Amino acid sequence: MRDFGRGTSLNIVGWLWADILLGLFALFLAANTAASAASNQTTPGIDPKDVSFSINVDGATLLAGSAAAVATEQQRIADVAQKTVQTLAPGRKVAIVIAYGVHADPASGDLLSKKATEQLTAGVYKGATIRNEHELLPGAPGNTVTFDVYLFY
């Protein structure tokens, strides 16, 4: 006599093994497709090529003027910086600004840069990281601030 129970269970094990492999393949395929879709999303980055420009400033006012005069000069600088970026890189947003106060004294250059960039908080500069530095130039009275602006893609 033949034992039909034993042959049937071996056949079922084979099919069960095939079904498990098929299920694992489907899971792998679904996971791979989801990861691929996530990697195709564009992530914003910062363009390594900077936009550089200089603005003539009233250094004497920024460093030692009245609060109202300083605020007026800061607003003028912010307006010029805003228009310059919009002209040189239309439609792009600023990520990082490195501003250099050109002065014969490093401490005055740092302060000049800081004062000149205090109102860069709106428009294309909103949320930008601003780093203030000095640029030493013997005999410079502090009438120029140079901007290195890095933009988002």
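Only this structure's heavy atoms are used, side chains among them; waters, hydrogens and symmetry mates stay out. Since this is a predicted model, take the numbers as computed values, not measurements.
- Within the structure, salt bridge (charged side-chain N to carboxylate O under 4.0 Å, His left out) contacts touching residues 111-131 (residues at least two apart or in different chains) are Lys114-Glu118, Arg131-Glu133.
- Cluster membership for Val85 and Ile96, using ILVMFWY side-chain heavy atoms within less than 4.5 angstrom, is not shared.
- Shown here for Pro48 and Tyr153, the closest heavy-atom pair between the two residues is CD-OH, 3.6 Å.
- A distance of 10.5 Å separates CD1 in Ile98 from OG1 in Thr129, rounded to the nearest 0.5 Å.
- Linking Ile, Leu, Val, Met, Phe, Trp and Tyr whenever their side-chain heavy atoms come within less than 4.5 Å puts Leu112 and Val80 in one cluster.
- For the side chain to side chain contact (heavy atoms under 4.5 Å, CB included) with Phe147, the qualifying choice from Ile77, Val51, Ile130 is Ile77, the only one to do so.
- Using a cutoff of 4.0 Å between basic side-chain nitrogens and carboxylate oxygens, Asp58 and Arg76 are not scored as salt-bridged.
- Residues Gln86 and Val124 are in side-chain contact: their nearest non-hydrogen atoms beyond the backbone lie under 4.5 Å apart.
- Remark: Ala128 pairs with Val94 by the side-chain contact (heavy atoms from CB on, under 4.5 Å) rule, at least two apart or across chains.
- Nearest heavy atoms, Thr146 versus Ser54: OG1-OG, 3.1 Å.
- With a 4.5 Å cut-off on side-chain heavy atoms, Ile46 and Phe152 count as touching.
- Checking side-chain atoms of Ser66 against main-chain N and O of Ala69 turns up a donor-acceptor pair under 3.5 Å.
- Between the CD atom of Gln82 and the OG1 atom of Thr87 there is a distance of 10.5 Å, given to the nearest 0.5 Å.
- The backbone N or O of Leu151 sits nowhere less than 3.5 Å from a side-chain atom of Asp47 that would complete a donor-acceptor pair.
- Rounded to the nearest 0.5 angstrom, Lys93 NZ and Tyr125 OH are separated by 11.0 Å.
- Ser113 contributes no side-chain N or O that, together with a main-chain N or O of Gly109, makes up a donor-acceptor pair within less than 3.5 Å.
- Grouping the Ile, Leu, Val, Met, Phe, Trp and Tyr side chains by contacts below 4.5 angstrom, directly or via other members, places Val97 apart from Val102.
- The two atoms that bring Ala81 and Leu120 nearest to each other are CB-CD2, 3.8 Å, heavy atoms only.
- Shown here for Ala78 and Gln119, the closest heavy-atom pair between the two residues is CB-O, 3.7 Å.
- The closest side-chain heavy-atom distance from Leu24 to Phe28 is not below 4.5 Å.
- Taking 4.5 Å as the limit, some side-chain heavy atom of Pro106 sits within range of a side-chain heavy atom of Leu136.
- Between Ala116 and Val145, the shortest heavy-atom contact is CB-CG2, 3.8 Å.
- Residues satisfying the ring-ring contact (aromatic ring centres under 6.0 Å, His included) criterion with Tyr100, sequence neighbours excluded, are absent altogether.
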